Amino acid sequence: MIDLTTEIQRLKQDRNAVILAHNYQLDEVQRVADYVGDSLYLSKVAANSKQDVIVFCGVRFMAETAKILSPTKTVLLPEKDAGCPLAEMITAEGLRTLKSKHPGVPVVCYINSSAEVKAESDICCTSANAVKIVASLSDRKVIFVPDENLGDYVAKQIPEKELILWKGHCVTHAKVKAEDVKQVRELYPAAKILIHPECNPAVVKLADFVGSTSEIIRYAEESEESTFVIGTEMGVVCTLRETLPNKQFFLLHPGLVCPNMKKTRLESVYQALHNHQYEIDVEQEHILSAQRTLERMLEVV
Ligand code: 13P
């Protein structure tokens, strides 16, 4: 039987490839990755990668983002059906209709969106920089798509702005209810509750800290506290338990497992490199506008 990790390392050299993995990926995938992080960090890595091939262990919009930022590279998504239901909650046509109702209002799109939606937007953002990106715009009114929970969080941080929100949400984070947070507070009164801004506003309001996946990890690393309840996908809890064995981590809700992120296994990474699959293509007509939307974001942060 072949040792997948050894074979992946060999194929990676052969193909001059780099492996990127999101914080939600399985441990076995994170261990073979060259870079692991949140959406913002991984898009910066993709934009600056020197290798010919980028294997993106995540979901489709992440691999598409890598292709838009590095169009001359081959970008591989190891599981072709790893999508993001949130990104699929908006179409470019829907966005055009919304824009026509608010002429001249700039559009900020969350990175969890298709290349076509990015191409229709003015500037992109991730959960790590959404507040900064919206604050960087001189306009008072801003269209924010497609995550209404993140949009609501941003609006509360910058009350002088008026945000027009699209009604999209992450189906995994939406499982958490305010009642769940109240229950864990009672159960673990000393614990810090760290929550992703994709959770609904009633949940976010009860958090001790709100941040992107990497910001949650950093908070737990730097905190003097020893017990944490994590309000984002299970992968973050796995990483924290492994890297901080002297601290205790609980998942806020048992449903915080993203089925799309969990599709990629070590075997998928091996097959991706071995069979050169599944190559991401972004239509030429969208690539330049989507690139401008992403590059504007990278100029701000
Ligand atoms: P981060 O940018 O915080 O890693 O989040 C990505 C994501 O899709 C969260 O569900």
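Remember, it's 1-based here, ligands and their atoms both numbered in the order they're listed. All values derive from a computational prediction rather than experimental measurement.
Neither the backbone nor the side chain of Thr232 comes within contact range of ligand 1; no heavy atom lies under 4.0 Å.
Considering backbone and side-chain atoms alike, Asn23 places every N or O at 3.5 Å or more from each N or O of ligand 1. Geometrically, ligand 1 and His196 share a nitrogen or oxygen pair separated by less than 3.5 Å. At under 3.5 Å, not a single nitrogen or oxygen of Ser212, backbone or side chain, sits near a nitrogen or oxygen of ligand 1. Close N/O approach between Thr126 and ligand 1 is not found [any backbone or side-chain N/O within under 3.5 Å].
Set against the non-hydrogen atoms of His22, the atoms of ligand 1 under 4.0 Å away are 1 (P), 4 (O), 5 (O), 6 (C). Short contacts between ligand 1 and Asp38, defined as distances under 4.0 Å to a heavy atom of the residue, involve ligand atoms 1 (P), 2 (O), 4 (O). In the vicinity of Tyr24, heavy-atom distances shorter than 4.0 Å reach the ligand 1 atoms 7 (C), 9 (C), 10 (O).
Side-chain N/O atoms of Asn23 and Ser214 include a donor and acceptor closer than 3.5 Å. Remark: the Thr264 side chain and the Glu79 side chain contain no N/O donor-acceptor pair separated by less than 3.5 Å. Looking only at atom types and distance, the side chain of Thr213 has no donor-acceptor partner in the side chain of His196 under 3.5 Å away.
In this structure, Met89 belongs to a hydrophobic cluster whose other members, linked by side-chain heavy atoms under 4.5 Å apart, are Val171.
At most 12 non-hydrogen atoms from other residues, nucleotides or ligands lie less than 6.0 angstrom from CD of Glu93.
Proximity of a side-chain donor or acceptor of Asn129 to a complementary backbone N or O of Lys132 within less than 3.5 Å is not detected.
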What side-chain donor-acceptor pairs closer than 3.5 Å can you find for residues 273-285, not counting sequence neighbours?
unit_1: Asn275; atom_1: ND2; unit_2: Gln271; atom_2: OE1; d: 2.9
unit_1: Asn275; atom_1: ND2; unit_2: Gln277; atom_2: OE1; d: 3.4

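Not a single heavy atom of Glu233 lies less than 4.0 angstrom from ligand 1. Contact annotation: Ser127 has at least one heavy atom less than 4.0 Å from an atom of ligand 1.
Ring centers of Phe228 and Phe250: at least 6.0 Å apart, outside the cut-off.
Among all protein heavy atoms, the one lying closest to atom 6 (C) of ligand 1 is Ser39 OG, 3.3 Å.
The heavy atom nearest to atom 8 (O) of ligand 1, considering only Asn260, Asp147, Asn112, is found in Asn112. When Glu198, Met261, Glu215 are ranked by how near their heavy atoms come to atom 7 (C) of ligand 1, first place goes to Glu198.
Of the charged side-chain nitrogens involved, at least one lies within less than 4.0 Å of a carboxylate oxygen, so that Arg10 and Glu7 count as a salt-bridged pair.
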